[in-house]
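All ligand and atom numbering here is 1-based and tracks the order in the structure.
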Amino acid sequence: MQAAYIDKFGPSSEIKIGELPRPQIMNDEILIKTIATSVNYVDTFVRSSSFKTKVDFPLVIGRDAVGKVVETNDNEFKPGELVWTNSMGYDGRAGTTSEYVAVPCERLFHLDKSLDPIKVVASLHSSATAAILLNDVLNVQADQSLLVEGAGGHVGQKLVTLAKDLDLKVSTTSNSNDFSTLQALGVENTYDYHQDVSDITERFDYLIDTSGKIKLTDNVDLLNVFGKIGLITTPPDALTPEKIAQLYTHSQALMGFVISHATVDQLQDAAHLITTAFSQGKLLDDDVLTLPFNQAEKAHRLLENHENAGKKIILKF
Ligand SMILES: NC(=O)c1ccc[n+]([C@@H]2O[C@H](COP(=O)([O-])OP(=O)(O)OC[C@H]3O[C@@H](n4cnc5c(N)ncnc54)[C@H](OP(=O)(O)O)[C@@H]3O)[C@@H](O)[C@H]2O)c1
């Protein structure tokens with residue numbers, strides 16, 4: 001089968017396109033024929049090994065996929081059925097940028113045939129991240145307040161949509177071009193990200209910066225007592241001892257999260273939540289740039305150089 005893979009960690013130029021053996025399925029696996037994969041920052045981190053994880057070379061790259069079942073030992077999945085996965089390509093599992101992928105049953109989910117597979121695969125990574133972050137990591141409660149910084153982005157918009165479904169009061173920082181989209185999703189206060197966050201007078205029960213550009217020191221000041229920050233990117237500064245004292249004396253918490261460490265239970269709960277949202281037409285609004293799968297190297301380069309114009313890159317078979 002044709003695949004995009006690496007023989008060693010390194011820059012995007014390490015990505016090769018070529019023939020690899022079609023995988024043989026084990027008892028707990030389903031063989032799918034890939035329709036499309038998405039390219040996310042995390043794929044570049046695994047490829048370069050800036051995120052350390054167990055891999056076997058040659059490593060087929062890619063984490064998410066939509067596809068069709070071709071071979072199965074499990075009654076839950078029927079040949080020809082549309083399915084998706086979002087946790088391949090790390091922790092010893094082969095990735096998804098190949099014509100066929102053997103996916104463990106517990107990591108495979110049904111895809112309603114009325115949905116556009118490209119829109120779905122574009123949404124999976126950011127939607128699952130947002131779902132697990134809100135429900136499990138921050139354990140958000142209805143009627144509390146959330147600030148999403150960088151809310152115009154892929155993760156940001158998913159956080160807003162899911163937080164509104166959970167009855168949170170949501171405020172955002174974004175480019176002013178994104179205000180109308182965010183207001184349509186139910187955001188109460190939209191702040192322009194060109195404004196200093198220190199000028200925001202509201203205080204929040206939860207705060208998530210998706211941009212990685214806001215000082216943690218400034219964000220701590222925006223929290224209510226018992227407030228929590230969900231950390232999914234690296235902020236530009238470090239906390240001083242005074243700020244750490246401020247955190248604990250206000251019973252506040254910093255909660256780190258990376259979806260690569262999500263448990264199967266967390267991935268399955270998130271799958272249930274986002275599948276329900278998909279069926280209501282939600283979470284499917286990512287702008288998409290579609291390339292043929294053999295342009296995987298270009299896709300990684302575009303993303304790493306921020307030349308994707310904010311679009312989610314999809315590799316199509
Ligand atoms: N930990 C995890 O498990 C996990 C999972 C998924 C993603 N992530 C990380 O989350 C981050 C966001 O991913 P994404 O796909 O949502 O990226 P994205 O679509 O590029 O979103 C980033 C957003 O930040 C905005 N922004 C830029 N400068 C800003 C500023 N000074 N203040 C506020 N917002 C600003 C951007 O606006 P403009 O477009 O106007 O520049 C953009 O809308 C990435 O670093 C990614 O690696 C982590």
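- Applying the 4.0 Å criterion to heavy atoms of I214 picks out, from ligand 1, the atoms 32 (N).
- In this structure, L231 and L216 have side chains that are in contact, with non-hydrogen atoms separated by less than 4.5 Å.
- Proximity to I259 (heavy-atom distance under 4.0 Å) selects the following atoms of ligand 1: 2 (C), 3 (O).
- Y90 approaches S260 most closely through the heavy-atom pair CE1-O, 3.3 Å.
- Shown here, atom 3 (O) of ligand 1 is in close reach of the protein: a heavy atom of it lies under 4.0 Å off.
- Residue V155 places at least one N or O, backbone or side chain, under 3.5 Å from an N or O of ligand 1.
- Here K243 pairs with D221 in a salt bridge; the nearest charged N to carboxylate O distance falls below 4.0 Å.
- At a heavy-atom cutoff of 4.0 Å, ligand 1 is contacted by the side chain of T173 but not by its backbone.
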Taking it one step at a time, do K169 and D205 satisfy salt bridge (Lys or Arg N to Asp or Glu O under 4.0 Å)?
-> CA-CA 10 Å; K169 290 177 277 188; D205 300 308; over 6 Å; no

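- In terms of polar-atom proximity, G156 is not counted as a contact of ligand 1, lacking any N or O under 3.5 Å from an N or O of the ligand.
- Ligand 1 places these atoms under 4.0 Å from at least one heavy atom of G150: 23 (C), 24 (O), 25 (C), 33 (C), 34 (N).
- Pairs passing the ring pair (Phe, Tyr, Trp, His ring centres under 6.0 Å) check and including a residue from residues 174-221, sequence neighbours excluded, do not occur.
- Under 4.0 angstrom from ligand 1, the non-hydrogen atoms of T233 all belong to its side chain.
- The shortest N or O to N or O distance between T129 and ligand 1 is not below 3.5 Å.
- Ring to ring, F278 and F109 are not that close: their centroids are 6.0 angstrom or more apart.
- Using a 4.0 Å cut-off between charged nitrogen and carboxylate oxygen, E14 and R47 do not count as a salt-bridge pair.
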Donor-acceptor pairs are to be reported for all side-chain atoms of residues 15-27 against protein atoms at under 3.5 Å, with residues two or more places apart or in another chain.
{"residue": "K16", "atom": "NZ", "partner": "D7", "partner atom": "OD2", "Å": "2.5"}
{"residue": "E19", "atom": "OE1", "partner": "M1", "partner atom": "N", "Å": "2.9"}
{"residue": "E19", "atom": "OE2", "partner": "Q2", "partner atom": "NE2", "Å": "3.0"}

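- Of the N or O atoms in H154, one or more lie within a sub-3.5 Å distance of an N or O in ligand 1.
- Close N/O approach between V258 and ligand 1 is not found [any backbone or side-chain N/O within under 3.5 Å].
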